[in-house]
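These notes concern the structure reproduced below.
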There are 2 protein chains.
Amino acid sequence: MNNSSLNRNCVIRLFSYKNALNRLKSLGFIKVFSENLADAVGGNSTQVRKDFSLFGITGNKKGGYVIDSLIESLNSILGKNELYRVVIVGGGNIGTALRNYKGFEKEGIKIVAVFDIDISKQQKTGEVPILPLEDLVGFVAENKIEIGIIATPEAGAQRALDLMLSAGIKGVLNFAPIRLRAGEEIVVNNINLGIELENVIYLVNVMGKQKGLTHHR
Amino acid sequence: MNNSSLNRNCVIRLFSYKNALNRLKSLGFIKVFSENLADAVGGNSTQVRKDFSLFGITGNKKGGYVIDSLIESLNSILGKNELYRVVIVGGGNIGTALRNYKGFEKEGIKIVAVFDIDISKQQKTGEVPILPLEDLVGFVAENKIEIGIIATPEAGAQRALDLMLSAGIKGVLNFAPIRLRAGEEIVVNNINLGIELENVIYLVNVMGKQKGLTHHR
DNA sequence: TAGATTGTTAATCGATTAACAATC
DNA sequence: TAGATTGTTAATCGATTAACAATC
């Protein structure tokens, strides 16, 4: 664990392994080999073992890995036995979709509130209320929320980040297509939907000329 | 252009440069230095120049780059003077959000139809109709669509991909949290929202111990 | 045991960064 | 010219993969 290769890609792969393991488990499997896991996530078996070894996870020399205990190890490494509460700023298309997205629940992620400047969008009641933006700082501080999602238009994103920061949020997933200015004390992970789609388009165009070039990420 | 470093990250950065340049242009700027561009996308100036050099883009030894011609070069490299038509499979939260997402238009991307198995969601009229899934293959073939988005639940994703493939689609942006089986002849770019958010959570937790570790992607 | 699989070291590969000559 | 900036080569850095000993 003192190893310096605490690498972003590696962590992402750990999450993928965990997802795949849960799927395998629900299919009734008890054990896996590194080879199976590699297939499930589209990697190679050496890398699976290397990733595990980086975090001190070990299996059985011949018998592979016991799924249950592997999931347990991953959960403890990835810090996921708790429920994570998340707020969203921006109640537009993306914000609303994420508010209703079913995929978060089973990962222990709960969207607790959405904030928007547009008063007409307000919904003070309901399981996930939509509140005015000026309530953000108070709400976050009071409920000790650490994670936020920015789903505002480009123009509102920096302000959203600044508010979040001042409220004590420590990590942000940003969907606004702009690079945000932030200090060292906050984690920002950017998803730019336009760029992701354009990237597919570009690769398709390149593929027209060169042969074969499957791209999985 | 015969250089083999035709690298995914590099292409993504080219898209970012283009976005930043459009922004700078709309602010009235005429020229940029590699240093400015690096700031705008959060990179470093050597990398900017290296990326350009890989694609044969040159500037002026002292005067930096003229924004207009730089945008033009990038557009021709990234293949973006055309309008790209895209279909979505899955009319749930994500699919609907993407259908209405404003950010695509200015990138020359147009969502032309959404397909869903749920008949009750159908909307045959309107600018972006929601059609039954069985119309997908015919529609795509007839309109020569090359790019698709999968926004179905996990269970429907592989079928969606197979249908798209058989209809002649060549590139897919996949939001279903599952690794799809596809041949060499199709580009698949996966976005797993759960994993992206979990990654933020993980980094925040790690940051609690280690100091500073801003993460921008 | 023989075969299969893990865990790790060493080699390779690729991407980023530093250094610097060219030149406006 | 002197200073600043580009474009590119070489060095570094990090991540992936290959090889293989350990062993169940």
Side-chain angles (χ1 to χ4, degrees), chain A residues 1-17 21 24 29-67 69-70 73-74 77 199 210 213-217, chain B residues 1-17 21 24 29-67 69-70 73-74 77 199 210 213-217:
Chain A
M1 188 64 108
N2 63 347
N3 192 311
S4 62
S5 297
L6 209 156
N7 158 294
R8 179 187 143 93
N9 290 336
C10 173
V11 171
I12 286 186
R13 283 195 302 269
L14 291 186
F15 281 111
S16 300
Y17 300 148
L21 287 165
L24 290 170
F29 288 95
I30 304 295
K31 296 193 196 176
V32 271
F33 298 129
S34 56
E35 187 70 33
N36 309 137
L37 258 180
D39 285 349
V41 307
N44 89 18
S45 65
T46 301
Q47 189 166 60
V48 172
R49 294 195 302 278
K50 179 71 178 247
D51 287 341
F52 287 171
S53 127
L54 246 39
F55 286 88
I57 296 177
T58 59
N60 311 302
K61 278 279 181 188
K62 189 181 158 199
Y65 302 81
V66 175
I67 291 180
S69 59
L70 195 45
S73 302
L74 288 171
I77 288 164
N199 196 238
Q210 305 175 235
L213 173 80
T214 314
H215 174 74
H216 292 289
R217 183 173 75 127
Chain B
M1 189 65 108
N2 64 346
N3 192 312
S4 62
S5 296
L6 209 157
N7 158 295
R8 180 187 142 92
N9 290 337
C10 173
V11 171
I12 286 186
R13 284 195 301 269
L14 290 186
F15 281 110
S16 300
Y17 300 148
L21 286 164
L24 290 170
F29 288 95
I30 303 295
K31 296 195 199 175
V32 271
F33 298 128
S34 56
E35 188 69 34
N36 308 137
L37 258 180
D39 284 350
V41 307
N44 90 18
S45 65
T46 302
Q47 189 166 60
V48 172
R49 295 195 301 278
K50 179 70 177 246
D51 287 340
F52 287 172
S53 126
L54 246 39
F55 285 89
I57 296 177
T58 60
N60 310 302
K61 279 279 180 188
K62 189 180 159 200
Y65 303 80
V66 175
I67 290 181
S69 58
L70 196 46
S73 304
L74 289 171
I77 289 164
N199 196 237
Q210 305 176 238
L213 173 81
T214 314
H215 174 74
H216 291 289
R217 185 172 75 127

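Naming: A, B, ... by sequence-line order, numbering from 1 per chain.
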Check your understanding: What is the distance from CG of Asp51(B) to C1' of dT17(C), rounded to the nearest Å?
Key -> 12 Å
Check your understanding: Is the shortest heavy-atom distance from the side chain of Val41(B) to the side chain of Arg13(B) under 4.5 Å?
Key -> no
Check your understanding: Which whole-number value in Å describes the distance from Arg8(A) CZ to dG14(D) P?
Key -> 17 Å
Review point. Is the shortest side-chain N/O distance from Thr46(B) to OP1 or OP2 of dT17(C) below 4.0 Å?
Key: no
**Study point:** 5′-ward residue of the pair Asn60(A)/Lys50(A) relative to DNA chain C
**Key:** Asn60(A)
Point to revise | Proximal nucleotide (of dA19(C), dT16(D), dA22(D)) relative to the Lys61(A) side chain | key: dA22(D)
Review point. Do Asn36(B) and Phe29(B) come close enough that some side-chain heavy atom pair is under 4.5 Å?
Key: no
Study note, to complete from the structure: Atom CG of Asn44(B) and atom P of dT5(D) are separated, to the nearest Å, by 15 Å
Exercise for review: Could you let me know what dC24(D) is paired to, Watson-Crick or G-U wobble, both distances under 3.5 Å, or none if it's on its own?
Suggested key: dG3(C)
Review point. Are the side chains of Leu21(A) and Tyr65(A) in touch, meaning some heavy atoms are under 4.5 Å apart?
Key: no
Practice item. Would you classify Phe52(A) as touching base, sugar-phosphate or nothing, given that sugar-phosphate means primed atoms plus P, OP1 and OP2, and contacts are heavy atoms under 4.0 Å? Key: nothing
Review point. What's the closest nucleotide to the Phe33(A) side chain, out of dT16(C), dT17(D), dT6(C)?
Key: dT6(C)
Practice item. Remember a base hit wins even if backbone is also touched, and classify Ser45(A) as base, sugar-phosphate or nothing at under 4.0 Å, heavy atoms. Key: nothing
Point to revise | Nucleotide opposite dA19(C) in a Watson-Crick or G-U pair, distances under 3.5 Å | key: dT8(D)
Check your understanding: What's the CD1-P distance between Ile12(A) and dT16(D), to the nearest Å?
Key -> 11 Å
Revision key, fill the gap. To the nearest angstrom, the CD-C1' distance between Gln47(B) and dT5(D) comes to 18 Å
Practice item. Measure the shortest side-chain to side-chain distance between Leu37(B) and Phe52(B) over non-hydrogen atoms and say whether it is less than 4.5 angstrom. Key: yes
Review point. Could you give the CG-to-P distance, from Asn9(A) to dA15(C), as a whole number of Å?
Key: 12 Å
Review point. Cys10(A) versus Phe55(A): any side-chain heavy-atom pair under 4.5 Å?
Key: yes
Point to revise | side-chain N/O Arg13(A) vs dT16(D) OP1/OP2, d < 4.0 Å | key: yes
Exercise for review: Kindly say if Arg49(B) contacts the phosphate of dT17(C), meaning a side-chain N or O under 4.0 Å from OP1 or OP2.
Suggested key: no
Check your understanding: Does Ser34(B) put a side-chain nitrogen or oxygen below 4.0 Å from OP1 or OP2 of dT6(D)?
Key -> yes
Review point. To the nearest Å, how far apart are Leu37(A) CG and dT6(C) C1'?
Key: 13 Å
Check your understanding: dT1(D) C1' sits how many Å from Lys62(B) NZ, rounded?
Key -> 11 Å
